[in-house]
Amino acid sequence: MSFIANFQTRRAVKIRRGLTIPVLLLVVWEVSSRTGLVDSRFLPSLEDVFLTAKRELIDNDLIGELGVSLFRNVAGFLIGSAIGIAFATMLALSRAADALVTPTFNSLKQISLLAWIPLISIWFGFGEQAKIVFVALAAFIPVVLNTYEGMRNTPRDLIEVGQALRFTPLQRITRIFLPAALPSIATGVHLGLIYSWLATVGAEYFLAVGRGVGGLIIAGREHFDMALVMVGVIILGLVGFTLNRLAAAAEAHLLRWRVSAH
């Protein structure tokens, strides 16, 4: 019981420390807005933001806007991750593909993600397809890099066991390389989920056609409704934080065998 009590105490302390800066920022925000230190047109009060969020939730289908953004995020993330794992597997296990493709990939990955938007808009337009492609590209790169590294670092003795057992190429991939690279793959997928959410926001902002939280922010900007802008920003931050925590929990659960092994 003492162990559980100590654990709960440490967790409570950690939570309080984590909330300190956000609470202070909220206090400074409210005081600055209420006292006129900052023009309320540029920094609305927390009450105005809350009332705006309530209005959007009841009258303007805020949940629907968030659902559209999450659909784009999940669709792009799944597509980019699946293609990334397959692509990295090919590079890691084929010397010819590694020699021919990896130098070009290493050059292209240096290009800023936002620099691809003009090309994507030309090739795919400004609709849903273009946004999902952009999100998939954001998830693709970290998944490829981490999966490639994990597979290239597969212990030699495991490879020799597969050769001794005369595994087929598919068996070597599914029974040796993928399990050995699982920690790196999990890290890449975690990063891919974070980057895909950031890309979802970017896609909705720069490919501004259709619904989504990004469109909510654009509407607030165009109507100089800073409370609406702040609602959108807060939603983006909360969703990003939640996705990160869920990915971290899933990664820890998936790799719990490493802890027990040690």
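Note that the structure is a prediction, hence the values are computed from the model and not measured.
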Answer yes or no: is there an ion pair linking Arg55 with Asp225, defined by an N-O contact shorter than 4.0 Å?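 Looking at Arg55 and Asp225, the cut-off is met.
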
Glu128/Arg72 salt bridge by N-O under 4.0 Å criterion: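 Yes, Arg72 and Glu128 are salt-bridged.
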
Co-members of Leu51 in a cluster of I, L, V, M, F, W and Y side chains, linked at under 4.5 Å: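 Noted: Leu51 shares its cluster with Phe50.
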
Apply the hydrophobic cluster definition, ILVMFWY joined by side-chain contacts under 4.5 Å directly or through others, and give me every member besides Val28.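 Other cluster members: none.
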
If only atom types and distance count, is the side chain of Ser121 paired as donor or acceptor with the main-chain N or O of Pro118 below 3.5 Å?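 Such a contact is found between Ser121 side chain and Pro118 backbone.
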
Under the 3.5 angstrom rule, does the side chain of Gln110 hit a backbone N or O of Asn106 as a donor-acceptor pair?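 Yes, because the side chain of Gln110 sits within donor-acceptor range (under 3.5 Å) of the backbone of Asn106.
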
Test applied, side-chain contact (heavy atoms from CB on, under 4.5 Å); reference residue, Ser69; option that passes from Val74, Val213, Leu236: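 It is Val213, the one option of Val74, Val213, Leu236 that forms the side-chain contact (heavy atoms from CB on, under 4.5 Å) with Ser69.
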
Under the criterion side-chain contact (heavy atoms from CB on, under 4.5 Å), which of Leu91, Asp98, Thr147, Leu93 is the partner of Arg152?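 With Arg152 as partner, side-chain contact (heavy atoms from CB on, under 4.5 Å) holds for just one option, Asp98.
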
Leu193 to Ala247 - nearest heavy-atom pair and separation: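 What the structure gives for the nearest pair is CD2-CB, 3.7 Å.
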
Testing the basics here: between Leu178 and Thr174, what is the closest heavy-atom pair and its distance to 0.1 Å?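 It is CD1-CA, 4.3 Å.
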
Measure the spacing between CD of Glu204 and CD1 of Ile218 and express it to the nearest 0.5 Å.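 The CD1 atom of Ile218 is 8.0 Å from CD of Glu204, to the nearest 0.5 Å.
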
Within the 6.0 Å centroid threshold, strictly below: Phe105 and Phe87: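 Under 6.0 Å, so yes.
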
Under the side chain to side chain donor-acceptor pair (under 3.5 Å) rule, what pairs show up with a residue in residues 177-197, not counting sequence neighbours?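 Sorted result for residues 177-197: Asn73-Ser196, Thr187-Glu251, His190-Asn244, His190-Glu251.
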
Is any side-chain heavy atom of Leu158 closer than 4.5 Å to one of Pro155?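 Of all side-chain heavy-atom pairs linking Leu158 with Pro155, at least one is under 4.5 Å.
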
Contact check, side chains of Tyr148 and Thr89, non-hydrogen atoms, under 4.5 Å: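 No. Closest side-chain heavy atoms not under 4.5 Å.
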
Can a cation-pi geometry be assigned to Arg175 and Phe167, taking NZ or CZ under 6.0 Å from the six-membered ring centre and within 45° of the ring axis?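 Yes, a cation-pi geometry holds between Arg175 and Phe167.
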
